[in-house]
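The block underneath contains the structure these notes are about, expressed in structure tokens.
Residue numbering restarts at 1 for every chain, and letters A, B, ... go by the order of the sequence lines. Quick note: numbers below take in every heavy atom, side chains included, and nothing from hydrogens, waters or symmetry partners. This is a predicted model, so every value here is computed, not measured.
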2 protein chains.
Amino acid sequence: MSTDTRDRLLHGTIEALRTQGIAGVSARTIAAAAGVNQALVFYHFGSVDELLAAAAIWSTEQQVAGYRERFGRVRTLRELQRVGRELHLRESANGNVTVLGQMLAGAQTNPAFAAATRDALGLWTVEIEQVLTRVLADSPLGEVADVPGLARAVAASFIGMELLAAVDPEGDQAAFRALDQLGALLEYLDDLGPAARVAARRAVRTAVRRSVRA
Amino acid sequence: MSTDTRDRLLHGTIEALRTQGIAGVSARTIAAAAGVNQALVFYHFGSVDELLAAAAIWSTEQQVAGYRERFGRVRTLRELQRVGRELHLRESANGNVTVLGQMLAGAQTNPAFAAATRDALGLWTVEIEQVLTRVLADSPLGEVADVPGLARAVAASFIGMELLAAVDPEGDQAAFRALDQLGALLEYLDDLGPAARVAARRAVRTAVRRSVRA
DNA sequence: GTCTATATTTAGATAGAC
DNA sequence: GTCTATCTAAATATAGAC
């Protein structure tokens, strides 16, 4: 069956990216992971690169769908951090986010990968934007924050942390603790009185103007 | 001359990583970029992998040294953001930080790379720790912050943003603007009165305990 | 749609002349 | 230390039988 083989190849590509990295994937390693003949890579996807690009988007779609419900329940920054930590722990273990990191590395020198990786990242940022909009709704940040920009910063940082975790697990844990502290500080701002919040808004707006000039 | 050839190979390796990525480097592409014979890769470094690891550390040492003076002058979060933005702009253009991203991608499936990349990242985090210690000295964060953890979060996020910039330049700019806003909010905390700062410290400490439990 | 066989290119690595 | 020549393994990709 054609769709079955296509699916096996997509699965096999992710598996190969996980275990071999972007530098080690090949039609043969993918086919071996997929349990199909090597020539089928070219029959179904034309080339290894096209399969990699297709697999990146396919895999990200599935992952994002798996977290959509959980994201939808997030109402506070604390909950968002909690989900982020869960996601980090689970995906560090199964290596699915690392796959995006591998694609991102390949994308630096491959325009076709760049488009696919941008689209895959976009699937995450769309979700993160929605969550951030809710979370920041009644915070001083919410009224002036560049939510799309913040969502991209979160996604990029997350992938950086995911890549870090593999080479320095203790450093990664320390980094996550530090980000929890940062979140606590931001939440604290929500508990301030009206006068302080006005001042906080002013500070943020000033920074916005400053960064626009820069 | 031996040292000359070694240097050419190190230079050539970085150049090859920049233009071909971790997936495209080979003894031949490196030798071509270095302008030396391909066999010299193995004579001087034993293997392509060993050369890549050596080049990652060598290149990072040089880069970090080039920013040490500038880092030393940073006294406020605002200045740190400014230097970070400069660094991002310059290194996006010359692609040197992307090289660390490429090594990080390769490190996910190569233990020897993992050690080299951890060491190279360590060169950055050592500097960032010093700057953060100064910058946070008289902020509520300074007294409870996990500065080493924060430094690693900054380094990892920076590399993530660097990788993002190549696939989504507009998204990358928006992300940097959003981080500027975040910095402004944190600076605002420094301008709070004594009572508010005590409360902020308490909020951060609570978060620390919370994250230790998690 | 799938498999075998194969053409072609490129990779890492080494032997040996200079 | 450097270069040429070369071995071997592995890569992409395709033709053609089934």
Side-chain angles (χ1 to χ4, degrees), chain A residues 1-56 58 102-103 105-113 116, chain B residues 1-56 58 99 102-103 105-114 116:
Chain A
M1 230 160 283
S2 167
T3 45
D4 184 52
T5 299
R6 279 183 66 95
D7 264 27
R8 294 174 78 93
L9 279 170
L10 291 168
H11 267 116
T13 303
I14 301 304
E15 177 65 19
L17 271 178
R18 242 197 300 262
T19 57
Q20 321 276 338
I22 188 72
V25 286
S26 72
R28 282 171 167 84
T29 56
I30 289 172
V36 304
N37 188 279
Q38 170 260 153
L40 294 174
V41 167
F42 304 95
Y43 176 80
H44 285 286
F45 292 93
S47 71
V48 174
D49 280 8
E50 285 174 270
L51 172 52
L52 283 167
W58 171 84
Q102 296 293 331
M103 278 298 293
Q108 308 291 310
T109 58
N110 183 327
F113 283 8
Chain B
M1 231 159 283
S2 166
T3 46
D4 185 52
T5 299
R6 279 183 66 94
D7 264 28
R8 294 173 79 94
L9 279 171
L10 290 168
H11 267 115
T13 303
I14 301 303
E15 178 66 20
L17 271 178
R18 242 197 298 263
T19 57
Q20 321 276 338
I22 189 72
V25 287
S26 72
R28 283 170 168 86
T29 56
I30 289 172
V36 305
N37 188 281
Q38 171 259 153
L40 294 175
V41 166
F42 304 96
Y43 176 78
H44 284 287
F45 292 93
S47 73
V48 174
D49 280 7
E50 285 174 90
L51 172 51
L52 284 167
W58 170 84
V99 166
Q102 296 294 331
M103 279 297 294
Q108 308 291 309
T109 58
N110 182 328
F113 282 7

Does the side chain of B/S47 get closer than 4.0 angstrom to OP1 or OP2 of C/dG12 through an N or O atom?
-> no
Of all the heavy-atom pairs spanning A/D49 and A/F113, show the shortest one and how long it is.
-> O-CE1, 3.4 Å
Contacts under 3.5 Å, N or O only, protein and nucleotides 4-7 of chain D:
unit_1 : atom_1 : unit_2 : atom_2 : d
D/dT4  : OP2    : B/N37  : ND2    : 3.4

Interatomic distance, [X] [atom1] vs [N] [atom2] [rounded to whole Å]:
| X | N | atom1 | atom2 | answer |
| --- | --- | --- | --- | --- |
| A/D4 | C/dG1 | CG | C1' | 12 Å |
| A/L51 | D/dA13 | CG | P | 11 Å |
| A/Y43 | C/dT2 | OH | P | 7 Å |
| A/L40 | C/dA5 | CG | C1' | 15 Å |
| B/E50 | C/dG12 | CD | C1' | 13 Å |
| B/F45 | D/dG1 | CZ | P | 11 Å |
| B/F42 | C/dA15 | CZ | C1' | 14 Å |

Test item: B/F45 and B/R6 side chains (from C-beta on) under 4.5 Å apart, heavy atoms | yes
Just checking A/V36: base, sugar-phosphate only, or nothing, at a heavy-atom cut-off of under 4.0 Å?
-> nothing
Between the side chain of [X] and the main-chain N/O of [Y], is any donor-acceptor distance below 3.5 Å?
| X | Y | value |
| --- | --- | --- |
| A/T13 | A/L9 | yes |
| A/Q102 | A/I22 | yes |
| A/T19 | A/E15 | yes |

Before giving the answer on side-chain contact (heavy atoms from CB on, under 4.5 Å), spell out for A/L10 and A/L51 the whole-Å C-alpha distance, their side-chain angles and the decisive distance to 0.1 Å.
-> CA-CA 7 Å; A/L10 291 168; A/L51 172 52; 4.0 Å; yes
Please step through side-chain contact (heavy atoms from CB on, under 4.5 Å) for the pair B/V36 and B/V41, ending with a clear verdict.
-> CA-CA 9 Å; B/V36 305; B/V41 166; 5.8 Å; no
Residue pair B/F42, B/V48: steps toward the side-chain contact (heavy atoms from CB on, under 4.5 Å) verdict = CA-CA 7 Å; B/F42 304 96; B/V48 174; 4.2 Å; yes
Please work out which residues in residues 17-27 of chain B have a non-hydrogen atom less than 4.0 Å from an atom of DNA chain D and list them by number.
-> none
List in chain and number order the residues that pass salt bridge (charged side-chain N to carboxylate O under 4.0 Å, His left out) with B/R8, two or more places apart in sequence or in another chain; answer none if no residue qualifies.
-> none
